[in-house]
Amino acid sequence: MGNKRDRFLMWTCLIVFVLSLLVMIIHGNTLLLGSLNKLDNDDVRYIRSGRYLLETGHLIYYNPVTTPSAFIMPGLPLLLAGVMSIFGTGEAGIYAFRVLQALMTVATVAVLYSCSLKLFNRQAARIAAVAAAAYVPLYYAGNLVLTETAFTLTSVLILYCFIVALDKGRVCDYILLGLSIAAAIYFRPTAALLPLAIGAVWLLKKYKFKTMLKHTVVLSLTIGVFLAPWWIRNYQVFHQFIPLTNSSANPLLLGMLINGNEPADFIRDHPQIYDTYRHGSEQQQKELAWMIFRYQLTHHPFIYGAWLLFGKLIRLVILPFYWAPVMGVPFWLTGLQHLGYLALAIVGLWRMLKLSAQRFISLFAVTAYFIIIYLPFITMERYFYPTMLLMMIPLAYAVQSMIENRQNKQKGQTGSSSYDVNLGA
């Protein structure tokens with residue numbers, strides 16, 4: 001990621017690390033979504049899964065004794081178990097894990113810097129790093145025991161490896177890209193179809209068939225070898241091939257509901273089906289999801305169509321992942337910051353698209369993929385959070401362009417800015 005040291009980046013990362021530790025010290029377990037006693041939300045269930053994995057070697061999620069689970073990917077429980085094996089399964093282990101997440105947050109900022117440096121120049125890279133460091137939800141997410149922090153790091157690593165792979169095209173670059181994708185899948189299965197977006201980029205760049213085949217084999221083998229232990233474990237436990245998880249039905253079902261509201265008309269017309277299938281098997285919930293989909297399109301085509309095309313996207317991106325105030329920063333202020341960042345990022349994406357779609361195609365592909373992949377399912381700010389960190393890159397370009405334009409006006413210059421012409425400076 002470059003041999004030259006940038007003291008600015010080092011100081012930025014140090015500030016991010018100190019702020020992350022301050023949030024951990026000030027808030028402790030008060031930001032947990034659930035109760036460690038009741039085990040009533042994702043974060044506390046992950047903590048319990050990590051403890052149980054360390055103590056018994058079995059991955060569970062709901063029932064700790066009788067039900068081995070493929071409801072979640074094993075990445076976060078494995079990390080928790082590893083930390084707890086050193087620092088214990090009590091409070092010390094949880095706090096040590098948060099320190100690890102603080103380091104992952106720092107690494108995320110550093111990789112964002114490196115991505116921006118690859119695409120633009122050092123000044124834009126610094127802007128991206130500062131914007132990420134100033135983004136308040138960064139510290140909220142870093143204190144939670146959820147997949148967000150680890151998945152965000154793997155997402156920016158995917159982008160960086162993809163930029164390098166497109167630039168150099170070496171086998172080792174695609175091996176690293178495959179490893180970063182596989183690592184992301186271990187935290188969230190939504191990264192599993194990312195190779196399709198990569199393939200689309202190859203087609204748009206008009207790669208030769210032989211080249212695409214070679215890269216496909218390298219990516220497939222790398223991802224397959226890395227995920228093989230999970231596949232073997234699932235077959236041994238469940239006697240069937242489960243490539244990712246067996247929990248996609250519920251998010252799909254929830255994704256068919258407008259703003260999460262139960263479909264009153266469908267329930268009125270099909271009460272027995274809804275009551276039976278709503279909390280039924282994985283297959284029954286999938287069937288119910290598609291029943292609701294067909295029913296809503298038939299009976300409310302305009303309202304439901306607008307929700308599917310626009311409402312779900314807006315719901316995904318419009319709010320920050322910030323469900324409790326951190327260090328006294330109110331939600332409304334964080335919301336304004338989020339909207340400002342989002343507006344600047346959209347401006348940056350538009351300017352990048354007009355300037356050189358081919359040069360920035362890696363960013364367009366990864367960002368678009370991580371937005372589109374969630375649209376069939378339930379959409380919420382939590383799922384957009386990793387992508388929002390990727391948006392720091394076009395945000396930096398927008399800010400840099402504005403600075404250049406203002407400087408040019410002050411100097412009385414005309415024509416394109418030097419920044420636009422000399423992207424690799």
Sequence neighbours excluded, every pair satisfying side-chain hydrogen bond (donor to acceptor under 3.5 Å, both in side chains) that has a member inside residues 373-384: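 Matches after skipping sequence neighbours: Asp42-Arg382, Glu148-Arg382, Arg188-Tyr374, Thr190-Tyr374, Arg315-Glu381, Trp323-Glu381.
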Taking C-beta and beyond as the side chain, do [X] and [Y] meet within less than 4.5 Å on heavy atoms?
| X | Y | result |
| --- | --- | --- |
| Leu204 | Ile361 | yes |
| Val16 | Leu138 | yes |
| Tyr369 | Leu196 | no |

Can you confirm whether more than 12 heavy atoms, excluding those of [X], are under 6.0 Å from its [atom1] atom?
| X | atom1 | answer |
| --- | --- | --- |
| Arg406 | CZ | no |
| Phe238 | CZ | yes |
| Ile303 | CD1 | no |

Heavy-atom donor-acceptor pair, [X] side chain to [Y] backbone, under 3.5 Å:
| X | Y | answer |
| --- | --- | --- |
| Gln400 | Leu395 | no |
| Gln101 | Val145 | no |
| Thr367 | Phe364 | no |
| Arg351 | Ser401 | no |
| Tyr397 | Leu119 | no |
| Thr56 | Leu53 | no |
| Ser114 | Ala110 | yes |
| Asn121 | Gln123 | yes |
| Arg98 | Asn143 | yes |
| Lys312 | Phe377 | yes |

Of all heavy-atom pairs between [X] and [Y], which one has the smallest distance, and what is that distance?
| X | Y | answer |
| --- | --- | --- |
| Ala131 | Tyr341 | O-OH, 2.9 Å |
| Ile223 | Pro195 | CD1-CG, 4.0 Å |
| Thr105 | Gly142 | OG1-CA, 4.4 Å |
| Tyr322 | Val329 | OH-O, 2.6 Å |
| Ala289 | Leu252 | CB-CG, 4.0 Å |
| Ser116 | Ala128 | OG-CB, 3.3 Å |

Considering residues at least two apart in sequence or located in another chain, which fulfil the side-chain contact (heavy atoms from CB on, under 4.5 Å) criterion with [X]?
| X | value |
| --- | --- |
| Met212 | Trp202, Leu203, Tyr207 |
| Leu221 | Val217 |
| Val218 | Val171, Tyr174, Ile175, Thr222 |
| Gln272 | Thr276 |

Chi angles and distances behind the side-chain contact (heavy atoms from CB on, under 4.5 Å) call for Ile232, Gln236: CA-CA 6 Å; Ile232 294 169; Gln236 289 176 335; 3.9 Å; yes
Contacts of Phe226 that satisfy ring pair (Phe, Tyr, Trp, His ring centres under 6.0 Å) - sequence neighbours left out: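 Partners of Phe226 by the ring pair (Phe, Tyr, Trp, His ring centres under 6.0 Å) criterion, ordered by chain and then number, come out as Tyr186.
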Under the ring pair (Phe, Tyr, Trp, His ring centres under 6.0 Å) test, residues paired with Phe241 that sit two or more places apart: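 Counting only residues at least two positions away or on another chain, Phe241 forms a ring pair (Phe, Tyr, Trp, His ring centres under 6.0 Å) with Trp231.
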Evaluation steps, ring pair (Phe, Tyr, Trp, His ring centres under 6.0 Å), between His270 and Phe266: CA-CA 6 Å; His270 307 283; Phe266 181 88; 5.0 Å; yes
Residues two or more places apart in sequence or in another chain: which of them pass side chain to side chain donor-acceptor pair (under 3.5 Å) with [X]?
| X | answer |
| --- | --- |
| His58 | none |
| Glu55 | none |
| His338 | Tyr135 |
| Asp40 | none |

Once you round to the nearest 0.5 Å, how far does [atom1] of [X] lie from [atom2] of [Y]?
| X | Y | atom1 | atom2 | answer |
| --- | --- | --- | --- | --- |
| His27 | Leu32 | NE2 | CG | 12.5 Å |
| Cys161 | Leu166 | SG | CG | 11.5 Å |
| Leu176 | Arg170 | CG | CZ | 8.5 Å |
| Phe321 | Thr334 | CZ | OG1 | 13.0 Å |
| Arg45 | Leu36 | CZ | CG | 12.5 Å |
| Trp230 | Ile242 | CH2 | CD1 | 8.0 Å |

Stepwise side-chain contact (heavy atoms from CB on, under 4.5 Å) test for Met388 and Val317: CA-CA 8 Å; Met388 189 61 193; Val317 307; over 6 Å; no
Full working for ring pair (Phe, Tyr, Trp, His ring centres under 6.0 Å) between Phe151 and Phe370: CA-CA 11 Å; Phe151 187 75; Phe370 280 125; 5.6 Å; yes
Worked check of side-chain contact (heavy atoms from CB on, under 4.5 Å) between Leu159 and Ser362: CA-CA 7 Å; Leu159 176 59; Ser362 53; 4.2 Å; yes
Test of ring centre spacing under 6.0 Å for [X] and [Y]:
| X | Y | result |
| --- | --- | --- |
| Tyr304 | His300 | no |
| Tyr140 | Phe331 | no |
| Phe293 | Trp290 | yes |

Trace of the side-chain contact (heavy atoms from CB on, under 4.5 Å) decision for Leu344 with Met391: CA-CA 9 Å; Leu344 284 170; Met391 298 292 257; over 6 Å; no
Side chains of Arg122 and Tyr113, donor plus acceptor under 3.5 Å: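 Per modelled atom types, Arg122 and Tyr113 side chains form a pair under 3.5 Å.
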Please list every donor-acceptor pair under 3.5 Å in which a side-chain atom of residues 68-95 meets a protein atom from a residue at least two apart or in another chain.
residue, atom, partner, partner atom, Å
Ser69, OG, Phe71, N, 2.8
Ser85, OG, Gly82, O, 2.5
Glu91, OE1, Asn29, ND2, 3.0
Glu91, OE2, Asn29, ND2, 3.1

